[in-house]
Novice: 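I have a structure I would like to understand better, so I am pasting it below and will then ask my questions one at a time.
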Amino acid sequence: MHPMYHPLFVQFLTYFNGNQDYFECHEVLEEYWKEIAPKDKTHPLTGWIQLATGLYHWRRENFSGAKTILKKAYITLEQSVNSSFMEEVDGIAILHSMQQVQHAVEKKEPFQRFILPITSETLEKQVLTSIALLEETDAHYLQHKHMLRDRSDILLARDEKRRSRH
């Protein structure tokens, strides 16, 4: 299977181009990255994760955080432009758009939607089908998801890990 057709990458594209849930983009791609390239900070998936994280920071008006992580994302994705993790999208257009985003962040302009241009009809169809199934999400929730989501499972796992050490 082509790496961009992996269900987690399709989910990433769905959240990214669908409801712009960049927090969820980070979550699903981090899971994929841990499956195939754990700890490899130069892997193309880290660039995608960084892009989503940077856009999440920009949406939250954390311009400093957005600037830092978007710069890293640009470097990683530029170095990955010929990798299989960029084959089904217009990598050159994405890099150009990322430069525009970086300028907007530097000028502290308001957040603007960013769409990843998918060049494969098959992948585009899968993503559009998935987007149609997304539930409508409140803009406030998307902007502050890291604080508003249910974290009980994370806290429980953290507590269990602490107890197992003692």
Side-chain angles (χ1 to χ4, degrees), residues 1-60 62 65-99 101-102 113-135 137 142 145-146 149-158 160-162 164-165:
M1 169 188 352
H2 190 283
M4 293 184 79
Y5 288 85
H6 187 285
L8 292 171
F9 201 88
V10 172
Q11 276 187 301
F12 164 79
L13 292 171
T14 299
Y15 290 126
F16 201 103
N17 284 358
N19 60 4
Q20 298 86 52
D21 188 341
Y22 303 117
F23 186 90
E24 219 44 57
C25 287
H26 172 278
E27 294 293 300
V28 297
L29 267 201
E30 186 174 62
E31 186 178 333
Y32 187 21
W33 174 71
K34 286 178 180 179
E35 279 181 19
I36 63 170
K39 299 181 181 148
D40 180 358
K41 302 283 186 183
T42 63
H43 194 277
L45 287 176
T46 63
W48 292 118
I49 293 166
Q50 291 164 336
L51 174 58
T53 303
L55 293 172
Y56 185 74
H57 285 306
W58 183 25
R59 176 184 274 152
R60 299 194 71 250
N62 175 359
K67 181 179 175 181
T68 301
I69 199 75
L70 287 170
K71 186 176 185 177
K72 290 178 183 180
Y74 184 87
I75 292 167
T76 304
L77 290 176
E78 182 182 43
Q79 292 170 348
S80 305
V81 78
N82 294 318
S83 83
S84 58
F85 287 89
M86 297 279 282
E87 286 179 350
E88 306 290 308
V89 295
D90 187 340
I92 300 303
I94 291 168
L95 292 172
H96 177 72
S97 294
M98 287 177 70
Q99 288 175 326
V101 166
Q102 288 174 314
R113 185 177 180 176
F114 185 112
I115 296 292
L116 297 173
I118 301 171
T119 56
S120 160
E121 282 186 39
T122 305
L123 184 58
E124 176 77 3
K125 186 176 179 183
Q126 279 187 7
V127 170
L128 290 174
T129 300
S130 295
I131 287 172
L133 300 174
L134 287 175
E135 293 181 21
T137 310
L142 287 176
K145 191 168 186 176
H146 73 287
R149 67 192 169 115
D150 178 9
R151 299 185 68 232
S152 54
D153 58 333
I154 296 167
L155 297 174
L156 182 63
R158 193 179 292 163
E160 287 176 14
K161 190 175 182 179
R162 248 188 251 130
S164 69
R165 287 186 204 154

Novice: Are the side chains of Thr42 and Gln79 in contact, using a 4.5 Å heavy-atom criterion?
Specialist: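 SC-SC contact between Gln79 and Thr42 ruled out.
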Novice: Got more than 12 heavy atoms from elsewhere within 6.0 Å of NE2, His2?
Specialist: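 For His2, atom NE2 is crowded (more than 12 foreign heavy atoms under 6.0 Å).
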Novice: Is a donor on one side and an acceptor on the other found under 3.5 Å between the side chain of Asp21 and the backbone of Tyr15?
Specialist: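 No.
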Novice: For the side chain of Gln20 and the backbone of Gly18, is there at least one donor-acceptor N/O pair under 3.5 Å apart?
Specialist: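 A pair under 3.5 Å: yes.
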Novice: Using 0.5 Å steps for rounding, measure from the CD atom of Glu124 to the CG atom of Leu116.
Specialist: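 Output value for this atom pair is 10.5 Å.
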Novice: Can you tell me how far the CZ atom of Phe12 sits from the CD atom of Glu24, to the nearest 0.5 Å?
Specialist: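 Result: 12.0 Å between the selected atoms.
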Novice: With rounding to the nearest 0.5 angstrom, report the NZ to CG distance, Lys72 to Leu70.
Specialist: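 Taking NZ in Lys72 and CG in Leu70, the distance rounds to 11.0 Å.
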Novice: Asp90 and Thr119: which non-hydrogen atoms are nearest, and at how many Å?
Specialist: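 Smallest interatomic distance, heavy atoms only, reads N-CG2, 3.6 Å.
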Novice: Once you round to the nearest 0.5 Å, how far does CD of Gln126 lie from CE of Met4?
Specialist: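 Rounded to the nearest 0.5 Å, the CD-CE separation comes to 11.0 Å.
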Novice: Is a side-chain N or O of Thr46 found less than 3.5 angstrom from the main chain of His43, in a donor-acceptor match?
Specialist: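 It does hold such a pair.
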Novice: Test your reading of the model: is there a side-chain donor-acceptor pair from Arg59 to the backbone of Arg113, 3.5 Å cut-off?
Specialist: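 No; judged by distance alone, with no hydrogens or angles, the pair does not exist.
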Novice: Determine whether a donor-acceptor pair (N or O, by modelled atom type, separation under 3.5 Å) exists between the side chain of Trp48 and the backbone of Phe85.
Specialist: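 It does hold such a pair.
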Novice: Can you measure from CD1 (Ile94) to CD1 (Ile115) and round to the nearest 0.5 angstrom?
Specialist: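 Answer for the CD1-CD1 pair, Ile94 versus Ile115, is 11.0 Å.
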Novice: Are the side chain of Ser80 and the backbone of Ser83 linked by a donor-acceptor contact shorter than 3.5 Å?
Specialist: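 A pair under 3.5 Å: no.
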Novice: Tell me yes or no: between the side chains of Tyr5 and Glu88, is some donor less than 3.5 Å from an acceptor?
Specialist: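 Yes, Glu88 and Tyr5 have a side-chain donor paired with an acceptor closer than 3.5 Å.
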Novice: Side chain of Trp33, backbone of Asp40: donor and acceptor closer than 3.5 Å?
Specialist: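 Checked: pair present.
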Novice: Give me the atom names and distance for the closest heavy-atom approach of Ala52 to Cys25.
Specialist: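 In terms of heavy atoms, the two residues are closest at CB-CB, 3.6 Å.
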Novice: Which atom names give the shortest non-hydrogen contact between Ser120 and Leu123, and what distance separates them?
Specialist: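 Where Ser120 meets Leu123 most closely, the heavy atoms are OG-N, 3.1 Å.
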Novice: Return the CE to CG distance between Met98 and Leu51, rounded to the nearest 0.5 Å.
Specialist: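 Going from the CE atom of Met98 to the CG atom of Leu51 covers 5.0 Å.
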Novice: Looking at every non-hydrogen atom in both residues, tell me the closest pair between Ser84 and Pro3 and how far apart they are.
Specialist: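 Here Ser84 and Pro3 meet closest at OG-CG, 3.3 Å.
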Novice: Test ring-ring contact (aromatic ring centres under 6.0 Å, His included) on Phe16 and Phe114 and set out the steps.
Specialist: CA-CA 8 Å; Phe16 201 103; Phe114 185 112; 5.8 Å; yes
Novice: Would you please say whether a donor-acceptor pair under 3.5 Å links the side chains of Thr76 and Gln50?
Specialist: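 Yes, a side-chain donor-acceptor pair sits under 3.5 Å.
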Novice: Which heavy atom of His26 sits nearest a heavy atom of Ile49, and at what distance?
Specialist: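 That would be CD2-CG2, 3.2 Å.
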Novice: Tell me if the centroids of the rings in Tyr32 and His6 come within less than 6.0 Å of each other.
Specialist: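 Close enough - the centres of the two rings lie under 6.0 Å apart.
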Novice: Have a look at Phe9 and tell me which of Leu45, Val28, Thr14 forms a side-chain contact (heavy atoms from CB on, under 4.5 Å) with it.
Specialist: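 It is Leu45, the one option of Leu45, Val28, Thr14 that forms the side-chain contact (heavy atoms from CB on, under 4.5 Å) with Phe9.
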